[in-house]
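Keep in mind that this is a model prediction, so the values were computed, not measured. In what follows, chains carry the letters A, B, and so on, assigned in the order in which the sequence lines appear, proteins first and then strands, with residues in each chain numbered from 1.
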Amino acid sequence: MDNLLNNLNNQQREAVMYNDGPSLIIAGAGSGKTRVLTYKIAYLLQQGVPSYHILALTFTNKAAKEMKERIGQIVGARAARYLWMGTFHSVFARILRVESEKIGYTSNYTIMDASDSKNLVKTIIKEFQLDDKIYKPGQVQGIISSAKNALISPQMYAQNKDLIEHDMRSKRPMVKEIYTQYNNRLHASNAMDFDDLLFHTNRLFRDHPDVLAEYQKRFQFILVDEYQDTNFAQYLVIKQLADAHHRVCVVGDDAQSIYSFRGANIDNILKFKEIYPEAKVFKLEQNYRSTQNIVNAANSLIKQNREQIRKTVFSENNEGEKLDVVSAYSDFEEGVIVANKILDIRRDRKSSYSDFVILYRTNAQSRVFEESLRKKNIPYRIYGGLSFYQRKEIKDVIAYFRMVVNPSDEEAFKRIINFPARGIGATTLSKIIGTAKLHNVSLWKIISNPLDYNLDVNAGTAKKLAGFKEIIASFIEELPTQSAYDLASSIVKQSGIARDAYQDMTPEGMSRQENLHEFCETRKEEGNENIGLIDFLSEVSLLTDQDTDKSADAERLTMMTVHASKGLEFKNVFIVGLEEDLFPSAMAKNEMRGLEEERRLFYVAITRAKEFCMLTYAKSRFRNGQVNMCNPSRFFKDIDTKYLNVGGGLSTAVNNIMTNKAAETEKQRPYYERTVQEARSSQVSNANMVNSRFAKPKVGAAGVQGAMGVEAGNRIKHERFGIGIVVSVEGDLNNRKATVSFENAGTKQLLLKFARFEIIN
DNA sequence: GCACAGTCCCGTCTG
DNA sequence: GGGACTGTGC
């Protein structure tokens, strides 16, 4: 351990060794923050603090897992065994499991994800017969979520003049009723949404001082990572826990606060000293990651923000290269430029593909890069987009698990009552829901005793419902004796999910089978084999893609949003799409706070780079189905030009960037004709990319003829229907149709404009 | 009840 | 461009 302390610089060491009171560790980008946290915990353990007295809250489950492993290596797995370490959500879900009855739940409560929440909101809006063009489910859910993050209950909401006024102004006076009903329904379902995990923990501690005291006693030392991204509910729960002893250490970087849209409040870190005046502040300012040029460029950028804790991040690494700035005529050309540069760097510096990352503001931007990379046979991998756990087949299985664990779960019920199809449609479902509301019981109760509740269905339907009930009931019986893994596989088999999936031999179906397999198998490998279904489900409900990645494997380039890149580092970073209304986003630019957050986001992006960083923008971009002209991002002006390198032949363009006039002044020929054509032909090769998250880039995908050129006799491979022979083609250019006889999917008519297939001979 | 075609609307980030 | 929803024909 002494040796380990020697591995730290002075500031790091001081931060590690101070544990007598509150402390704030301001950790600049690349300053060894994780190392400090890890050593601090190891140090505490080494000083004889029992592991169960330490609570450490991290941003992702993965971060917790890695840190725990590392600590185990330092002090021995035994000493680290009972550390409480995880995300806010997972730690408090665990506490609520134990204390559920004090807040009116039972311990088998289930956790709904964001899309379930949205569905429930949508259902309620329908039931209230409100116009969903005014009451947009996503927006209403957002309002509810923000309220919960601010610890505003439905009652408080209804009494809050500002909120009510705001709703009146936006012509949505019923939001408060929706919120009330939404919470009632959750409660009746014995279910919580993500925000509830924090809300109810706060309520638990507020209303049960004895419980609070117990946890205060248990958690003698509290550490919070990424404190700049905590919201009010998280802040308050920490404050309550730390009130007894003030031994709370928060770590973060205000310059990297990028989650205000989900309620994160940068004031938590900015005002920590006001809450704990006796707090010691440690600043980690030496950046070990990046070259001086990169650090300096990032510093000059972030200086433009008003709200921040002043600090001087510096690097003693090489001076390094300036940041490249490149403009492209179109998003398409941007893709080509980036792909070429990647090949150049890889060749000249013998970099491996895994040393590269392309960072963008929105997931939609990944598409163009997929195409340009595939054309050059550059292997890549995309993070984000549709999460593994959001896939239909996975959500279906999870819904079964939820029903078995907690049959009151309304959203799970609705999801699987007719999956796999068993002839129970919307009419029957609405009868069940109506009857349930009438008697104020769960849907499950209704189908368990349809006669008691006078459920009005015909004999055939009644039989189908009874069949469904039997299946679920038989799983419930096995719940106490079977491990999650065994139960899961019998659920997948006996519910008919397996039959349904394995009948489908289309590429899509195959990918579904793989996902199901992966879901069951990898959970088995990673988890405790004897874990029960309740714990398994609780864990799985709080996982994200970030937690399950197996990135280390391959020789591949990475693409992700800037948000997703937080905490990572790469030798070579490409930040693309630096245009007004994209980065900064159109939605953020009207408010100072929004704009400052976008700037911090850009700061996060630049500081991912160790050696090389390229910034690109396009003058025209295909967005929302049409081509738009764009102006370069105002953020170019924020970086001191002495750290920028403006590529050959582009000096005028960059002059214009600096005055932010490029697109207005330049009379440019539309580039999009070519773009659209290219996009159309490469769409064909996209057919292979059914599942792009783990998709392997296809070798030699180019060279496919356009789909429009298909003729009778061609063999084709369709994204959904698989292999088939073209029988005939008819219709004029715009409405060309092909009749295709598929090996496994019968004969289909395809409208060539839309059809996704590839000609294979 | 289901599959398919057509229409509308949207568009950031996420535990 | 595409997901969510609606309408239509079996």
Side-chain angles (χ1 to χ4, degrees), chain A residues 57-64 86-93 111-115 117-119 122 126 132-133 136-139 142 145 148-149 192-198 226 229-231 233-234 257-264 359-365 367-368 383-387 389-390 392 418 421-429 460-461 464 540-547 560-566 577 581-589 594 597-598 600-601 604-605 622-628 676 679-680 683 686 720 746 748-751 753-754 756:
Chain A
L57 297 167
T58 58
F59 198 65
T60 62
N61 292 296
K62 187 178 153 215
T87 60
F88 276 88
H89 290 89
S90 63
V91 167
F92 294 117
I111 300 166
M112 297 210 308
D113 70 21
S115 71
S117 308
K118 193 169 151 195
N119 277 336
K122 197 185 293 172
K126 259 200 195 128
D132 64 2
K133 301 236 159 48
K136 292 183 184 162
Q139 289 182 6
S145 173
K148 288 188 177 183
N149 284 328
M192 297 190 203
D193 64 21
F194 287 137
D195 305 315
D196 283 338
L197 295 170
L198 297 165
E226 308 281 10
D229 283 325
T230 49
N231 61 34
Q234 290 167 323
S257 167
I258 54 174
Y259 282 104
S260 75
F261 67 91
R262 64 180 212 219
L359 300 178
Y360 33 73
R361 181 67 181 81
T362 68
N363 280 310
Q365 288 165 259
R367 228 189 133 74
V368 186
Y383 283 78
L386 188 62
S387 136
Y389 298 95
Q390 297 288 96
K392 184 188 175 305
N418 198 30
R422 44 176 79 84
I424 302 170
T427 322
T428 307
L429 182 59
T461 306
K464 290 172 194 160
V540 160
S541 304
L542 295 169
L543 283 179
T544 70
D545 273 13
Q546 298 269 319
D547 299 320
M560 58 171 70
T561 62
V562 183
H563 280 92
S565 75
K566 191 166 86 162
D581 293 344
L582 183 59
F583 200 172
S585 144
M587 299 175 194
K589 70 175 181 184
E597 176 149 320
E598 295 285 308
R600 290 193 294 269
L601 194 55
V604 167
F622 192 68
R623 247 179 124 184
N624 311 332
Q626 59 176 19
V627 176
N628 297 307
V676 170
R680 190 171 290 152
Q683 182 186 40
N686 265 350
R720 279 184 59 204
K748 305 268 176 198
Q749 291 233 324
L750 305 174
L751 199 52
K753 249 195 310 199
F754 302 118
R756 292 209 154 200

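- Looking only at atom types and distance, the side chain of A:Asp193 has no donor-acceptor partner in the side chain of A:Ser117 under 3.5 Å away.
- Considering only the side chain of A:Thr561, B:dT14 comes nearest among B:dT14, B:dC10, B:dT12.
- For B:dG15, its base never sits under 3.5 Å from the side chain of A:Asp113 at any donor and acceptor pair.
- Closest approach to the A:Glu598 side chain among B:dT12, B:dG15, B:dC13 is made by B:dT12 (side chain taken as heavy atoms from C-beta onward).
- Comparing atom distances between the A:Phe194 side chain and each of B:dT12, B:dG15, B:dG1 picks out B:dG15 as nearest.
- With a 4.5 Å cut-off on side-chain heavy atoms, A:Phe59 and A:Tyr259 count as touching.
- Salt bridge absent: A:Asp132 and A:Lys126 never bring a charged side-chain N and a carboxylate O closer than 4.0 Å.
- In this structure, of B:dC13, B:dC9, C:dC5, it is C:dC5 that holds the atom nearest to the side chain of A:Lys122.
- Comparing B:dG15, C:dC5, B:dT12 against the side chain of A:Asp195 picks out B:dG15 as the nearest.
- Closest approach of A:Glu598 to A:Phe583, counting heavy atoms only: O-CE2, 3.5 Å.
- For the P atoms, the distance linking C:dA4 with B:dC13 amounts to 15 Å, nearest Å.
- Checking B:dC2, B:dC10, C:dG1 against every side-chain atom of A:Lys136, the shortest atom distance belongs to B:dC10.
- Of all nucleotides listed (B:dT12, B:dC2, B:dG15), B:dT12 comes nearest to the side chain of A:Ser585.
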